[in-house]
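Counting begins at 1 with the first residue of the sequence.
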Amino acid sequence: QVPLVESGGGLVQAGGSLRLSCAASESVSRLYVMAWYRQAPGKPRELVASIINDYRTNYADSVKGRFTISRDNAKNTVDLQMNKLKPEDTAVYYCAADPYGTVVGGHYEYDYWGQGTQVTVSA
């Protein structure tokens with residue numbers, strides 16, 4: 001197992017910014033794909049952004065142009081820069097990792113998850 005620890009959540013006004021960071025217990029370069037998910041109360045967990053080991057990225061349409069995912073092998077972290085935050089971005093944000101790039105049903109299978117960090121955006 002690969003422990004993942006998120007940080008950087010908090011309370012911000014709409015239009016503000018936050019930067020989330022996910023720290024891994026091993027080199028990020030050894031985790032093929034990493035992602036940020038989020039889950040709002042009463043709603044299912046959804047993929048926000050993902051980044052592959054070769055730095056290819058994918059974003060949910062709802063955050064495209066506002067959020068940026070990145071990974072830093074030296075610091076063993078994957079970050080999510082969130083700009084122009086909206087109240088609908090309020091959720092618990094989770095870091096996830098697929099160490100081997102396995103695909104199930106056309107999607108990567110995320111084997112490891114962090115505990116989550118709360119992001120609250122006030123109007």
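Comment: Lys64 engages Asp61 in a salt bridge, judged by a side-chain N to carboxylate O separation of less than 4.0 angstrom.
The closest donor-acceptor contact from the side chain of Glu6 to the backbone of Gln115 lies under 3.5 Å.
Rounded to the nearest 0.5 angstrom, Leu85 CG and Thr90 OG1 are separated by 8.5 Å. Remark: Leu20 CG to Met82 CE distance equals 3.5 Å, nearest 0.5 Å. Here the straight-line distance linking atom OH of Tyr93 with atom CH2 of Trp36 works out to 10.0 Å at 0.5 Å rounding. Rounding to the nearest 0.5 Å gives a distance of 8.5 Å between SG of Cys95 and CG of Leu31. Residue Lys86 holds its NZ atom at 8.0 Å from OG of Ser62, rounded to the nearest 0.5 Å. Here the CG-CE distance, from Leu4 to Met34, works out to 5.0 Å after rounding to the nearest 0.5 Å.
By the 4.5 Å heavy-atom criterion applied to side chains, Asn53 and Val33 are not counted as neighbours.
What you find for Ala49 and Leu80 is that their closest heavy atoms are CB-CD1, 4.2 Å. In this structure, Ala35 and Leu47 approach most closely via the heavy-atom pair CB-CD1, 3.7 Å. Nearest heavy-atom pair across Gly9 and Val119 is CA-CG2, 4.2 Å. Residues Arg71 and Ile51 approach most closely at NH1-O, 3.2 Å, considering heavy atoms. When all heavy atoms of Pro99 and Tyr112 are compared, the closest pair comes out as CG-CE1, 3.5 Å. Residues Ala91 and Ala40 approach most closely at CB-N, 3.8 Å, considering heavy atoms.
Identified under the ring-ring contact (aromatic ring centres under 6.0 Å, His included) test for residues 50-75, with sequence neighbours left out: none. Residue pairs that meet the salt bridge (Lys or Arg N to Asp or Glu O under 4.0 Å) test with at least one member in residues 94-113, sequence neighbours left out, do not exist here. Sorted by first and then second residue, the pairs that involve residues 11-20 and meet salt bridge (Lys or Arg N to Asp or Glu O under 4.0 Å), not counting sequence neighbours, are Arg19-Asp79.
Hydrophobic clustering (ILVMFWY, side-chain heavy atoms < 4.5 Å, transitive): Val5 and Val78 are in distinct clusters.
Residues satisfying the side-chain hydrogen bond (donor to acceptor under 3.5 Å, both in side chains) criterion with Gln118, sequence neighbours excluded, are Thr120. Legend: residues meeting side-chain contact (heavy atoms from CB on, under 4.5 Å) with Glu46, ordered by chain and number and at least two apart, are Arg38. Residues passing the ring-ring contact (aromatic ring centres under 6.0 Å, His included) test with Tyr37, sequence neighbours excluded: Tyr110, Trp113.
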- Test side-chain contact (heavy atoms from CB on, under 4.5 Å) on Asp89 and Arg66 and set out the steps. CA-CA 11 Å; Asp89 294 319; Arg66 299 188 297 121; 2.8 Å; yes

